[in-house]
Visitor: 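The structure that follows is given in the form of structure tokens.
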There are 2 protein chains.
Amino acid sequence: MVTMDERKWKILRVIIKTYLETGEPVGSRTISKAADLNVSSATIRNEMSDLEEMGYIVQPHTSAGRIPTDRGYRLYVDQLVEEKTHSVMSMNSMIISRTNRMENVLKQVVRMLAANTNYTTMISGPAYKQNKIRFIQLSKLGDRQLVAVIVIEGNVVRNHIIDLTQPIDDEHVLKLNLLLNTNLNGLSLREINLDIIAGMKEEAGEHSAIISEVIDAVAEAIRAEKDEETQVYTSGADNIFKYPELADSGKASRLIQTLEAKDTLAEFLRQAESEERDANGIQVYIGEESPMEAMQDCSVVTATYDLGGGMEGTIGIIGPKRMDYEKVMANLKTLKTSLSDMFGTGEDRIVDSEDSGSEE
Amino acid sequence: MVTMDERKWKILRVIIKTYLETGEPVGSRTISKAADLNVSSATIRNEMSDLEEMGYIVQPHTSAGRIPTDRGYRLYVDQLVEEKTHSVMSMNSMIISRTNRMENVLKQVVRMLAANTNYTTMISGPAYKQNKIRFIQLSKLGDRQLVAVIVIEGNVVRNHIIDLTQPIDDEHVLKLNLLLNTNLNGLSLREINLDIIAGMKEEAGEHSAIISEVIDAVAEAIRAEKDEETQVYTSGADNIFKYPELADSGKASRLIQTLEAKDTLAEFLRQAESEERDANGIQVYIGEESPMEAMQDCSVVTATYDLGGGMEGTIGIIGPKRMDYEKVMANLKTLKTSLSDMFGTGEDRIVDSEDSGSEE
DNA sequence: TGTTAGCACTCAATAAAACTGAGTGCTAAC
DNA sequence: GTTAGCACTCAGTTTTATTGAGTGCTAACA
């Protein structure tokens, strides 16, 4: 049984670091020259043979140097986390201009991060931690127009205008308010599905087409809210071409396809949110650890942030397995500070909403 | 001097159509078999030689078949426009769910179009045809908070909340209102630049820091409006990998880079808006006709639509030069109808705006 | 027991050479 | 004006040769 001693660990680190830079398999001679342990390449070879046996490195083919395995990266990344904070990267250039719309801030963040790291980035729209419905109120605006006010926990108010094909009377509005509140209160947006909608229609009885119409409109409004949360912005997709191991059209194609499938991305980010993370909210997926098929040749680093006002956002950085974990994680930490400065201070936050104003 | 007769035109059409399908150079034998003109390959060769001399086709190398030149495509496309409407494509599946937010509709449109055509698509956010500022009103909400209401021609109202670092008194607000209205009224959003802002500060005199601060905030709000208009959504970037002539990582990289540079795209679409178009608002850029460097191996078809309420949007479809122009143009025509049905009927349209509602 | 020099061996990557076949242009006959 | 026939061209593919970085193993050394 071989054990991991100081020298082996040092060699492994040199292999990984060199590979991160060059992307080429690392040979024994390179190591014996680079590392400050004064041993010959032959000795290194023996050690490398051990490291291979332990599963931290492999040879892509017989007569090549070694490259790290997923397990090797994992050891390295875990170690990184334990060590003290590294040289803070220059995120200073990242002055987020004060914009009111959360959405635009997110887009800016994702773009800057992509430019800063040279990796592909993605960010999920602000999701409410507790997004249970607290109250729904329908009010008549006119004969064929209603406004639906939806209050979500965290005192977020959204309003939607509903246009009807036929007139509605006060009695029906009253009935609908009762029906909607008894059925939907306390449910989170995600829990509301077709079954529940169908159930409500059933309860209302089929006697009135107008009721069915309003319920559909409300369901649609709720769906729109969900969509809002599902929004994912990506940036720097072109960066994948900077890494030869991802740039061949087969892999690039699959990756970009995945980036285009916003739904799947959103799901991934949401899942990352709920997973165990370190103190900084950072989570690293190396190669096959990632749940997304197309990303198994990549590493993904995600970070979840508190955006204030009961909102959370998750950022993901996608790069080759040999991504510069140190830099990426430092960037994400700096970003956390920036975002906290902007949003965390309990200032009343403006959540962009619909309608209200700006008609003609 | 060779002239274009019926047979030449027929042969050219066969060459283009075949090449659209296969992407491979077309040889004389293929044509003599496929076309219903009963002549031998030798005759075809003579005709092709003429067509080449006329500049409609070329040989990629001596011993290859012919492929259309940009000029050849142009002739073909122009002809297409003149012919009666072709088999209408199945855009029926394109039931745009009734969403209130214009933005979401656009995203859906662009996604469906990409899925339908197998090309990459882009769409510019709704821009106002006449976006001149009609009126600006600042009102105090509190000691350190103002609301800026900006009315744009077409009766579009936008409001922004401005947080200040120091208190402001009524007198200053009055002064600012006067200053802003005299300087900005009648200007379109695009005309407002740093010079004008600086000019206003100058006019106000440097005596008061607070005035300068508010002007900056208003400028920022206007910039945000501009951003809104500059928004471009893309979809189906992965489709470029379906066409071998674009899929090699060099070209793909450049294309995707261009797609990521939303500003440049927005400019392109805006420019397309102002260019001469056919009756359907459709404009075709073949190869080098396109002003964008990276797209000179592609063709781009753009279409500008009236979205009602004084708004315009432009859609672009990006594909290989051998794109199925017939299908694309038919799709865009159908889309025009759909959009007119949704927005064109003069119904009061809801433009999403900021703030107002939904604070905590 | 750990370290080192030396050597034979492997194999991806690159370069050079040979082969193949679709397609052309030209000529001469119909 | 159309066609069959034939020599020629050249991208693309397969085949073969060459190179060189890197390894594993062995034997000698400290």
Side-chain angles (χ1 to χ4, degrees), chain A residues 1-12 14-16 18-19 21-69 244-245 247-249, chain B residues 1-12 14-16 18-19 21-54 56-69 244-245 247-248:
Chain A
M1 184 62 220
V2 242
T3 60
M4 191 72 161
D5 58 19
E6 186 52 37
R7 191 168 70 184
K8 282 198 180 56
W9 171 231
K10 200 161 187 173
I11 291 172
L12 178 58
V14 174
I15 292 175
I16 293 181
T18 314
Y19 186 67
E21 278 171 34
T22 63
E24 300 280 297
V26 186
S28 52
R29 270 194 57 202
T30 320
I31 299 175
S32 82
K33 270 183 289 181
D36 49 355
L37 17 85
N38 283 331
V39 286
S40 79
S41 61
T43 312
I44 304 277
R45 279 205 286 282
N46 288 331
E47 298 283 51
M48 279 163 80
S49 172
D50 290 350
L51 282 170
E52 180 157 20
E53 198 183 317
M54 289 187 264
Y56 294 121
I57 52 179
V58 280
Q59 287 182 280
H61 57 265
T62 330
S63 65
R66 306 299 215 287
I67 61 174
T69 60
E245 63 266 51
D248 77 279
S249 72
Chain B
M1 184 63 220
V2 239
T3 60
M4 190 72 161
D5 58 19
E6 185 53 37
R7 191 168 73 183
K8 282 197 180 58
W9 172 231
K10 200 162 188 174
I11 290 173
L12 179 58
V14 173
I15 292 175
I16 294 181
T18 313
Y19 185 67
E21 277 171 35
T22 64
E24 300 279 300
V26 186
S28 53
R29 270 195 56 204
T30 320
I31 299 175
S32 82
K33 270 185 289 182
D36 48 356
L37 18 84
N38 283 333
V39 286
S40 80
S41 62
T43 311
I44 305 277
R45 280 204 287 282
N46 289 331
E47 297 285 50
M48 279 162 84
S49 172
D50 290 349
L51 283 169
E52 181 158 18
E53 198 184 318
M54 287 187 266
Y56 294 122
I57 54 180
V58 280
Q59 285 181 281
H61 56 265
T62 330
S63 65
R66 306 300 214 286
I67 60 175
T69 59
E245 63 265 51
D248 76 281

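By convention in this document, chain letters (A, B, ...) are assigned in the order of the sequence lines, proteins followed by strands, and residues within each chain are numbered from 1.
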Visitor: Write down the distance between CD1 (A:I31) and C1' (D:dT23), rounded to a whole number of angstrom.
Guide: 12 Å
Visitor: If I take atom CD in residue B:E24 and atom C1' in nucleotide C:dA22, what distance separates them, rounded to the nearest angstrom?
Guide: 11 Å
Visitor: What is the distance, to the nearest angstrom, from the CZ atom on A:R29 to the P atom on C:dC7?
Guide: 16 Å
Visitor: With side chains defined as the heavy atoms from C-beta onward, is the minimum distance between A:S49 and A:N46 less than 4.5 Å?
Guide: no
Visitor: Find the distance B:I44:CD1 to D:dT3:P and express it as a whole number of Å.
Guide: 9 Å
Visitor: Looking at every heavy atom in both A:M48 and A:G27, which two are closest together, and how far apart are they?
Guide: CE-C, 4.5 Å
Visitor: Tell me which nucleotide, if any, is Watson-Crick or G-U wobble paired with C:dC26 when both distances must be under 3.5 Å.
Guide: D:dG5
Visitor: Strictly distance-based, threshold 3.5 Å: is any side-chain N or O of A:S41 a donor or acceptor partner for the main-chain N or O of A:S32?
Guide: no
Visitor: Nearest to the B:S28 side chain among C:dT24, D:dT2, C:dT4, which nucleotide is it?
Guide: C:dT24
Visitor: Can you check the A:Y19 OH to D:dG22 P distance for me, whole Å?
Guide: 14 Å
Visitor: Just so I know, are the side chains of A:I11 and A:R7 near enough to count as touching, which here means a heavy-atom distance under 4.5 Å?
Guide: yes
Visitor: In whole Å, what is the span from the CG atom of B:D50 to the P atom of D:dT2?
Guide: 11 Å
Visitor: Give each protein N/O atom lying under 3.5 Å from an N/O atom of nucleotides 12-15 of chain C, with the pair distance.
Guide:
none

Visitor: Between D:dA11 atom P and B:I67 atom CD1, what is the distance in whole Å?
Guide: 13 Å
Visitor: If I take atom CD1 in residue A:I15 and atom C1' in nucleotide D:dT23, what distance separates them, rounded to the nearest angstrom?
Guide: 13 Å
Visitor: Closest heavy-atom contact between A:Y19 and A:V26?
Guide: N-CG2, 4.0 Å
Visitor: Locate the shortest heavy-atom distance separating B:T62 from B:Q59; write the atom from each residue and the value.
Guide: O-NE2, 2.6 Å
Visitor: Is there side-chain contact between A:L37 and A:I44, with heavy atoms separated by less than 4.5 Å?
Guide: yes
Visitor: Counting only heavy atoms not in A:N38, do more than 12 fall under 6.0 Å of its CG?
Guide: no
Visitor: Which pairs, protein N/O on one side and nucleotides 27-30 of chain D N/O on the other, fall under 3.5 Å?
Guide:
none

Visitor: Which nucleotide sits closest to the side chain of A:R7: C:dT3, C:dT24, D:dT2?
Guide: C:dT3
Visitor: Looking at B:T43, I'd like to know whether one of its side-chain N or O atoms comes within less than 4.0 Å of OP1 or OP2 on D:dT2.
Guide: no
Visitor: What is the minimum heavy-atom distance between A:S249 and B:A247, and which atoms define it?
Guide: CB-O, 3.4 Å
Visitor: Among the candidates D:dT2, D:dT23, C:dT24, find the nucleotide nearest to the side-chain atoms of A:M48.
Guide: D:dT23
Visitor: Whom does D:dA17 pair with, Watson-Crick or G-U wobble, provided both distances fall under 3.5 Å?
Guide: C:dT14
Visitor: Could you report the tightest heavy-atom contact between A:P60 and A:P25, atom names first, then the distance?
Guide: CG-CG, 3.9 Å
Visitor: How does protein reach along nucleotides 25-30 of chain C, written 5' to 3' as B (base within reach of a heavy atom under 4.0 Å), S (only sugar-phosphate), or - (no contact)?
Guide: B-----
Visitor: Do B:I31 and B:S28 come close enough that some side-chain heavy atom pair is under 4.5 Å?
Guide: no
Visitor: Could you go through A:L51 and A:R66, starting from their C-alpha distance and side-chain angles, then the distance that decides it, and tell me whether this counts as side-chain contact (heavy atoms from CB on, under 4.5 Å)?
Guide: CA-CA 10 Å; A:L51 282 170; A:R66 306 299 215 287; over 6 Å; no
